[in-house]
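This one's a predicted model, so the numbers in the text were calculated from it and none came from an experiment.
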Amino acid sequence: MNPRNQGRLENANGIGEVGNASCGDIMKIYLFIKDSVIEDVAFETFGCGAAVASSSIATELIKGKTIDEAWELSNKAVMEALDGLPPQKIHCSVLAEEAIHAAINDYLKRSDLPPREE
Ligand code: FES
């Protein structure tokens with residue numbers, strides 16, 4: 001009901017956008033990374049309530065973390081932080097994991113570093 005870190009991040013240096021073809025929902029994660037630490041993070045999600053909640057909690061969980069720690073954030077951890085999601089909404093939490101990976105890889109690409117494998 002109270003999404004955190006919603007909106008754009010004008011100084012983002014890593015941006016990841018992913019979508020789910022079956023429901024059509026889209027999630028975009030903005031990262032500002034300095035010295036391998038996620039100093040700021042924001043999201044824009046066009047999707048269901050579970051996708052918005054997953055984005056919100058995922059951004060809270062990775063704020064202040066290193067890239068390595070953020071990469072390890074699983075959709076399972078996102079679901080646990082939300083006290084669970086119904087089975088038909090599990091893919092919404094997967095979007096958060098995928099969007100964070102896409103944003104980290106965008107940052108690595110911009111920094112002339114090799115992207116990580118899923
Ligand atoms: Fe597709 Fe939630 S229904 S992201």
Side-chain angles (χ1 to χ4, degrees):
M1 295 300 288
N2 297 297
R4 298 163 203 170
N5 311 308
Q6 200 165 19
R8 285 166 186 255
L9 206 58
E10 296 304 334
N11 61 344
N13 54 8
I15 300 173
E17 182 175 320
V18 294
N20 182 291
S22 58
C23 66
D25 291 350
I26 296 168
M27 189 182 293
K28 198 166 182 178
I29 296 272
Y30 299 84
L31 302 175
F32 175 66
I33 298 167
K34 195 175 168 201
D35 299 329
S36 296
V37 173
I38 296 169
E39 293 208 336
D40 208 357
V41 52
F43 76 90
E44 290 180 310
T45 292
F46 176 80
C48 69
V52 173
S54 294
S55 317
S56 172
I57 202 85
T59 55
E60 285 288 292
L61 289 169
I62 63 169
K63 199 188 279 185
K65 298 280 169 53
T66 64
I67 299 176
D68 289 341
E69 290 166 333
W71 186 271
E72 294 305 319
L73 182 73
S74 65
N75 81 295
K76 196 164 169 270
V78 169
M79 284 200 303
E80 280 170 11
L82 291 172
D83 281 336
L85 284 172
Q88 69 272 25
K89 292 288 177 184
I90 290 174
H91 76 274
C92 317
S93 63
V94 174
L95 275 185
E97 180 185 324
E98 290 177 349
I100 289 168
H101 286 178
I104 289 173
N105 272 339
D106 180 53
Y107 166 77
L108 293 172
K109 209 168 120 192
R110 292 182 197 211
S111 310
D112 287 327
L113 293 166
R116 297 181 177 208
E117 299 286 334
E118 286 290 339

Margin query: Let me confirm one number: the CG-CD1 distance from Asn11 to Ile33, rounded to the nearest 0.5 Å.
Written below: 11.5 Å
Next item on the list: Applying side chain to side chain donor-acceptor pair (under 3.5 Å), name anything that partners Ser111, two or more places apart in sequence or on another chain.
Entry: none
Note to self: Hydrophobic cluster membership, with links at side-chain heavy-atom distances under 4.5 Å among I/L/V/M/F/W/Y: are Val37 and Phe32 in one?
What the structure shows: no
Item checked: Under the side chain to side chain donor-acceptor pair (under 3.5 Å) test, residues paired with Glu69 that sit two or more places apart -> Thr66
Check: Can you list every side-chain hydrogen bond (donor to acceptor under 3.5 Å, both in side chains) pair that touches residues 27-39, not counting sequence neighbours?
Finding: Tyr30-Glu44
Notebook entry, point to check: How long is the span from the NZ atom in Lys65 to the NZ atom in Lys63, to the nearest 0.5 Å?
Noted result: 11.5 Å
Note to self: Given Leu95, which partner from the list Ile29, Val18, Ile26 fulfils the side chain to side chain contact (heavy atoms under 4.5 Å, CB included) test?
What the structure shows: Val18
Report, one line per pair, each donor and acceptor closer than 3.5 Å where one atom sits in a side chain of residues 97-107; sequence neighbours left out.
residue: Glu97; atom: OE1; partner: Asn75; partner atom: N; Å: 2.7
residue: His101; atom: ND1; partner: Glu118; partner atom: OE1; Å: 2.8
residue: His101; atom: ND1; partner: Glu118; partner atom: OE2; Å: 3.3
residue: His101; atom: NE2; partner: Trp71; partner atom: O; Å: 2.9
residue: Asn105; atom: OD1; partner: Arg116; partner atom: N; Å: 2.6
residue: Asn105; atom: ND2; partner: Arg116; partner atom: O; Å: 3.1
residue: Asp106; atom: OD2; partner: Ile15; partner atom: N; Å: 2.7
residue: Asp106; atom: OD2; partner: Arg110; partner atom: NE; Å: 2.9
residue: Asp106; atom: OD2; partner: Arg110; partner atom: NH2; Å: 3.0

Check: Should Leu9 and Leu108 be counted in the same cluster of Ile, Leu, Val, Met, Phe, Trp and Tyr side chains packed under 4.5 Å apart?
Finding: no
Item checked: Shared hydrophobic cluster for Val78 and Val41 (ILVMFWY, side-chain gaps under 4.5 Å) -> yes
Margin query: I'd like to know if Leu61 and Leu85 are part of one continuous hydrophobic network [Ile/Leu/Val/Met/Phe/Trp/Tyr, side-chain heavy atoms within less than 4.5 Å].
Written below: yes
Next item on the list: Spell out, yes or no, whether Val94 and Met27 are grouped together once hydrophobic residues are joined by side-chain heavy atoms under 4.5 Å, including indirect joins.
Entry: no
Item checked: Spacing of SG belonging to Cys48 relative to NE2 belonging to His91, to within rounding of 0.5 Å -> 6.0 Å
Next item on the list: For Ser74, check side chain to side chain donor-acceptor pair (under 3.5 Å) against everything at least two apart and list the hits.
Entry: none
Next item on the list: Identify the two heavy atoms, one from Val52 and one from Gly47, that lie closest to each other, and give their separation to 0.1 Å.
Entry: CG2-O, 4.3 Å
Notebook entry, point to check: Going by the side-chain hydrogen bond (donor to acceptor under 3.5 Å, both in side chains) test, which pairs reach into residues 50-60, not counting sequence neighbours?
Noted result: Asn5-Thr59, Asn5-Glu60, Thr45-Ser55
